[in-house]
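So that the names make sense, note that chain A is the first sequence line, chain B the second, and so on, each numbered from 1. Computed from a prediction, not measured in an experiment: that's the story for all the values here.
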Amino acid sequence: MIPGAFAYHRPTSVKDAVGLLAKLGDEGRALAGGHSLIPMMKLRLATPANLVDLAGIAELKGARADGNDIVIGAMMTQHELIGSDLLTSKIPILRETSLQIADPQVRYLGTLGGNVANGDPGNDMPAVMMCLGATYHVMGAKGERRIAAREFYQGAYFTALETGDVLTAIRIPVPPAGHGYAYEKLKRKIGDYATAAAAVILTMTGGKVGTCSIGLTNVAETPLWAQDAAKILVGSALDAATVKKAVAAAEAITAPAADARGPAQYRTKMAGVMLARALARAKARARG
Amino acid sequence: MAKSQVSMKVNGKTIEALVEPRTLLIHFLRDQQNITGPHIGCETSHCGACTVDLDGKSVKSCTVFAVQANGADIRTIEGVANADGTLHALQEGFREMHGLQCGFCTPGMITRAYRLLQENKNPSEEEIRFGISGNLCRCTGYQNIVKAIQFAAAKLNGVQFQEAAE
Ligand SMILES: Cc1cc2nc3c(=O)[nH]c(=O)nc-3n(C[C@H](O)[C@H](O)[C@H](O)COP(=O)(O)OP(=O)(O)OC[C@H]3O[C@@H](n4cnc5c(N)ncnc54)[C@H](O)[C@@H]3O)c2cc1C
Ligand code: FES
Ligand code: FES
């Protein structure tokens with residue numbers, strides 16, 4: 001399992017990385033934690049002639065509050081996310097999700113930026129980012145663009161990133177204090193990608209759902225933002241009949257592939273089950 | 001492809017070498033440096049047999065290029081024993097509690113547990129199982145590995161290891 005040959009570059013600024021990638025064009029590829037890319041290179045599913053390692057770029061690290069948003073550097077690892085007090089107190093679904101990704105060794109190196117830029121429908125963070133209404137900061141040869149997570153994913157391994165782009169940060173509006181949240185993931189074993197998973201962020205007022213957002217993982221070519229399902233729930237007390245309707249609406253937008261995790265129909269049903277569980281847990285956690 | 005110069009500390013010793021960028025750290029350690037403690041179980045990032053400690057992180061050295069480790073401080077199973085040559089508490093634990101059968105997973109298990117105990121001095125059984133979930137063992141059923149780590153944690157904390165009743 002030896003990857004194809006490549007030249008290795010280690011720039012120390014975003015500017016240099018973008019410049020390099022622009023020059024290399026299709027011959028260049030960004031390397032973050034390497035835990036999606038290196039396995040693909042071993043299988044020769046990816047054979048970049050040049051790797052531009054982002055690990056030496058200090059400005060891509062760490063997380064900070066910016067007004068009502070939190071801005072997370074693309075190179076923050078899943079391990080660092082789990083350990084961050086700022087993120088855990090403001091956006092606890094990030095820690096809950098990170099703990100369900102892969103295993104400790106993968107989480108020490110795998111980055112949030114790599115997870116959301118990869119475009120693999122099996123990645124867990126993209127649906128969470130759609131659920132949270134995150135925005136990606138992208139630097140390209142022509143300057144910075146900001147792209148909503150909800151508009152970023154176009155197909156399996158197809159995203160709004162263009163050749164030479166570096167995703168520099170993830171901007172997340174902090175959900176209201178007292179919000180309920182949950183990431184429910186069905187997997188065959190630790191370290192497995194989701195058979196199906198659901199992310200929920202909601203607020204409750206006087207026992208009724210005030211706002212609700214739902215993301216679904218690995219049940220289509222892209223992560224899904226289940227807008228209709230969420231709309232059905234707003235104003236309800238999450239009673240069984242309404243939840244059933246919302247689950248049906250969420251199931252209706254799935255289009256999973258049959259794979260070793262099960263037939264398509266099963267995975268659709270499991271997306272519904274994960275959603276129902278996530279809603280119940282988010283409700284129990286919400287104040288108000 | 002042009003080779004790159006790398007320099008890293010492995011088990012306290014500085015190593016300078018030329019590597020092809022595509023050389024995986026596990027191959028660099030085993031084939032170029034003759035450090036054969038870290039094993040290759042799967043080579044597909046799943047089994048953890050190749051785990052080494054890199055700048056305070058447990059990593060699967062089959063999923064890191066040697067060039068990425070340039071400047072790093074690495075510890076492998078060869079560097080786990082105490083400075084005076086006596087066994088580290090983890091090694092003693094694996095021996096005392098029968099934490100291995102064929103031994104193939106053991107270097108990765110111990111190296112991973114080494115970092116786990118740095119981060120959590122007194123892990124619960126559940127935390128140990130979650131903490132070693134990136135390391136597969138095909139022999140033991142994990143029961144005795146968990147006990148071995150509990151033994152080591154107790155020893156490092158200076159308390160007597162109490163085996164839980166079964
Ligand atoms: C055994 C195993 C189990 C796993 N299980 C899960 C799981 O359950 N859930 C899950 O979500 N993931 C899982 N993963 C994947 C893991 O989380 C990866 O770390 C993650 O998908 C990619 O992050 P990375 O930093 O490693 O990126 P890399 O592998 O370095 O990069 C991935 C892709 O994104 C591009 N890229 C990376 N960063 C940027 C950037 N800043 N700008 C532009 N492009 C960029 C790269 O060019 C590459 O195409 C698993 C991996 C392994 C090995
Ligand atoms: S050999 Fe590296 S994880 Fe199995
Ligand atoms: S002791 Fe044989 S694989 Fe663990």
Side-chain angles (χ1 to χ4, degrees), chain A residues 1-10 12 27-56 75 77-80 82-83 98-111 114 187-193, chain B residues 1-6 19-28 31 40-72 108-109 111-113 115-116 119-120 123 127-136:
Chain A
M1 299 276 282
I2 297 171
F6 60 87
Y8 177 76
H9 311 266
R10 196 178 165 97
T12 52
E27 304 275 280
R29 188 91 171 246
L31 172 69
H35 274 57
S36 288
L37 185 52
I38 297 175
M40 286 206 283
M41 288 174 66
K42 288 188 192 177
L43 297 168
R44 308 276 174 131
L45 292 173
T47 50
N50 292 269
L51 283 187
V52 178
D53 191 350
L54 306 178
M75 289 299 284
T77 63
Q78 289 144 12
H79 178 78
E80 288 165 345
I82 292 167
S98 299
L99 283 167
Q100 296 179 66
I101 293 179
D103 58 47
Q105 282 93 323
V106 174
R107 293 194 294 264
Y108 277 110
L109 291 182
T111 66
K187 51 187 191 291
R188 294 169 302 178
K189 56 176 268 295
I190 278 198
D192 193 18
Y193 290 93
Chain B
M1 192 62 63
K3 291 196 174 180
S4 303
Q5 175 79 32
V6 292
V19 293
E20 250 193 284
R22 65 168 165 172
T23 305
L24 296 165
L25 182 59
I26 186 73
H27 295 141
F28 173 72
D31 303 344
I40 300 175
C42 65
E43 239 181 352
T44 58
S45 324
H46 289 96
C47 73
C50 63
T51 300
V52 304
D53 199 68
L54 186 154
D55 289 337
K57 305 184 277 269
S58 303
V59 306
K60 294 173 178 170
S61 61
C62 75
T63 316
V64 176
F65 292 115
V67 282
Q68 290 177 280
N70 187 23
M109 277 295 175
T111 314
R112 169 60 197 138
R115 181 53 45 198
L116 174 65
E119 292 180 356
N120 184 349
E127 287 167 339
I128 291 174
R129 288 183 183 273
F130 193 67
I132 60 167
S133 57
N135 295 73
L136 299 182

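- Between the CG atom of A:L31 and the CD atom of B:Q68 there is a distance of 4.5 Å, given to the nearest 0.5 Å.
- Closest non-hydrogen pair, A:G34 versus B:T63, comes out as O-CG2, 4.1 Å.
- A:Q105 pairs with exactly one of B:V52, B:V59, B:I132, B:T51 by the side chain to side chain contact (heavy atoms under 4.5 Å, CB included) rule, that one being B:T51.
- Within the structure, every pair that satisfies the side-chain hydrogen bond (donor to acceptor under 3.5 Å, both in side chains) test and touches residues 42-56 of chain A, not counting sequence neighbours, is listed here: A:Y8-A:D53, A:H9-A:N50, A:R10-A:D53.
- For the options A:L109, A:L51, A:D103, A:L99, heavy-atom pairs under 4.5 Å to chain B are most numerous at A:D103.
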Kindly indicate, with the supporting measurements, whether the criterion side-chain contact (heavy atoms from CB on, under 4.5 Å) is fulfilled by B:L24 and A:I38.
CA-CA 10 Å; B:L24 296 165; A:I38 297 175; 4.1 Å; yes
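- Side chain of B:R22 to backbone of A:G4: no donor-acceptor contact under 3.5 angstrom is found.
- The NE2 atom of B:H27 lies 9.5 Å from the CE atom of A:M1; values are rounded to the nearest 0.5 Å.
- Taking every heavy atom of both residues into account, B:G134 and A:P104 meet most closely at N-CD, 3.9 Å.
- Counting heavy-atom pairs under 4.5 Å between each of B:R115, B:K60, B:H46 and chain A puts B:K60 at the top.
- Taking NE2 of A:H79 as the reference point, atom OG of B:S58 lies at 8.5 Å (rounded to 0.5 Å).
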